[in-house]
Amino acid sequence: MGSKPFKIRAANDTQKYGVAAQDLNDLIAKGCKVLKVPIKGCKICLQQDGTLINSREFFQALPPLSVLVFLRKGEKWTGDDFGKMILSLLEAPEDPVRKQQLTESLEGMIAKESSPERVHALNLYLQSLPDNIDAETREEDPDWFEGLEKRYKTKSQVMACSAQGRIRGYYSKTKEYVSNLEDPVAKIILKRVLENFRPCLKNNGYHGDYFRRTAKPKKRLCTQAGWFVCHGPYNTKTCQDKHMINPYSSRQKRAVFSTWNLDHRVEKSRTILPSMQQAAVSCPKGKQLNWEYFYELLFTTDNLKLVEISCHKKEAHKGYECDEKKYYTSK
DNA sequence: GTATTGTCACCAGCTCGCTT
DNA sequence: AAGCGAGCTGGTGACAATAC
């Protein structure tokens, strides 16, 4: 069997080296030598997305000249994601060593190659510098509150209300749909579902935490500093363009953030509501509608993606249907 | 007084059918 | 065939009335 060429690098250095290897062990041996990475505890992954190369099959499946990252024991690689890198940079001011590392590798990347992504990354980095992210109250950053009602005292409060408003909108659209139903039986059943939604929404604070940076990490969609990353179009795993924004940083950014959308993967009007209707119409005796399932689809990040406007695809989300197996629960 | 709620006007993108 | 616009979809924020 012949050998296959690769480009390899270490996690902390963007300098790449060429190496050819016959199999996984050969690759580890040669790579570790070139990169001066200790063989013990070393792991290899794809630079692109961090997938670990840990089997012979995987090694054979790799296309020639794949870019691989050699990880020292304990090191991690989450993919060639500039957005994430900048995020860690912005989130780590209290750790000067880490910050220095990140800044250097970022600048190294930008200096060595000037692909659109790198220019984009640089722009993000520069844009992120002169602002007022840390300010939280009206007193600290009055300009941010320009044009907002007097009752708002903090940025987190404003952002939380914004998220709540969006969730409320989904609820009232659902309510409107139900009240327009012809079939009286379906109407009654779905009104009961709405009655179940209410306390649950209230209990969850209408999911205002999605946008509240002061919320618990698991609840919020942003970082502690208020950075949001685009989740990408409904039918992709991630955002190819690495959109990010911090609406807490300035009034302008707050305005731009309002063009970001919470996108229902399984669509509300085209799919969820008609499916609820269908489920109600053909509800078997002794069963009741699984309102929690529909709640998740309508109001939670199980089905909602936060997307920048260009990642908000308006076409019908073909292939994204409700799961009929989850329509009912036993009484 | 603030929090909740519904209403309203608004924007952008897709599809379809009509006109040119 | 291309262009236009209505009417649908996906969303948004402002604001006034109501509840607490």
Side-chain angles (χ1 to χ4, degrees), chain A residues 137-139 143-181 190-191 193-212 214-215 221-222 226 228 230-236 239 241 243 245-248 250-277 294-295 297-322:
Chain A
T137 65
R138 203 176 197 116
E139 288 76 42
D143 181 67
W144 193 91
F145 290 83
E146 191 70 35
L148 291 175
E149 292 175 43
K150 289 252 184 339
R151 64 190 175 92
Y152 295 118
K153 302 279 190 283
T154 66
K155 293 181 181 178
S156 293
Q157 186 192 10
V158 174
M159 294 304 297
C161 278
S162 161
Q164 288 175 330
R166 298 183 187 201
I167 298 298
R168 275 181 218 288
Y170 306 148
Y171 176 77
S172 65
K173 277 276 159 62
T174 306
K175 196 175 168 186
E176 188 187 322
Y177 184 87
V178 171
S179 71
N180 287 336
L181 284 178
L190 290 182
K191 280 200 167 165
V193 170
L194 285 172
E195 288 311 307
N196 284 312
F197 283 171
R198 283 299 279 276
C200 196
L201 282 166
K202 199 154 196 173
N203 199 28
N204 288 319
Y206 283 86
H207 299 282
D209 284 345
Y210 287 162
F211 293 173
R212 194 202 316 266
T214 50
L221 289 172
C222 60
F228 292 84
C230 174
H231 296 168
Y234 70 93
N235 53 0
T236 67
C239 169
D241 299 323
H243 297 124
I245 191 168
N246 190 332
Y248 289 84
S250 69
R251 179 160 48 89
Q252 288 77 8
K253 289 286 156 60
R254 168 165 70 75
V256 173
F257 184 73
S258 72
T259 68
W260 286 50
N261 292 308
L262 285 168
D263 189 16
H264 287 89
R265 261 180 293 237
V266 180
E267 293 175 288
K268 170 168 53 65
S269 302
R270 286 198 183 98
T271 310
I272 304 175
L273 296 179
S275 295
M276 282 173 70
Q277 181 182 3
F294 292 109
Y295 181 95
L297 289 175
L298 286 166
F299 307 117
T300 76
T301 44
D302 288 1
N303 189 44
L304 286 169
K305 277 187 132 183
L306 179 69
V307 295
E308 200 263 357
I309 190 159
S310 66
C311 285
H312 185 209
K313 306 300 178 200
K314 307 285 182 76
E315 74 255 22
H317 295 188
K318 228 177 158 189
Y320 288 75
E321 306 293 336
C322 298

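Within every chain, numbering begins at 1; the chains are lettered A, B, ... in the order of the sequence lines, protein sequences first and strands thereafter.
Protein chain A contacts DNA chain B over a range whose 5' and 3' limits, counting nucleotides with an atom under 4.0 angstrom from a non-hydrogen atom, are B/dT2 to B/dC14.
The aromatic rings of A/H207 and A/Y295 lie tilted to each other, with the angle between the two planes from 30° to 60°. Between A/F257 and A/F228, the ring planes are tilted. Angles from 30° to 60° get that label.
You'll find the side chain of A/T214 stays beyond 4.5 Å of the side chain of A/T154, heavy atoms only. For the pair A/Q164/A/F211, no side-chain contact is recorded, criterion being any heavy-atom separation below 4.5 Å from C-beta on. Proximity of A/M276 to A/L298: side-chain heavy atoms (C-beta onward) are separated by under 4.5 Å at one or more points. Within the 4.5 Å cutoff, no side-chain heavy atoms of A/E308 are placed close to those of A/I245. In this structure, the side chains of A/R166 and A/Y210 stay at 4.5 Å or more apart for every pair of heavy atoms. Using a 4.5 Å heavy-atom threshold, the side chains of A/V307 and A/P233 count as separate.
Residues A/Y206 and A/F299 place their aromatic rings such that the two centres sit no closer than 6.0 Å.
Contact annotation: A/H264 reaches the phosphate of C/dG11 (side-chain N/O to OP1 or OP2, under 4.0 Å).
In this structure, CG of A/L262 is placed 8 Å from P of C/dG11, rounded to the nearest angstrom. For A/K305 and C/dG11, the NZ to P distance is 13 Å, given to the nearest whole Å.
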Any protein N or O atoms within reach of nucleotides 13-18 of chain C? Criterion: under 3.5 Å, listing atom names and distances.
{"unit_1": "C/dG13", "atom_1": "OP1", "unit_2": "A/S162", "atom_2": "OG", "d": "3.4"}

List every contact pair, protein side and nucleotides 7-9 of chain C side both N or O, where the distance is under 3.5 Å.
none

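A side-chain donor-acceptor contact under 3.5 Å links A/Q277 and A/Y177.
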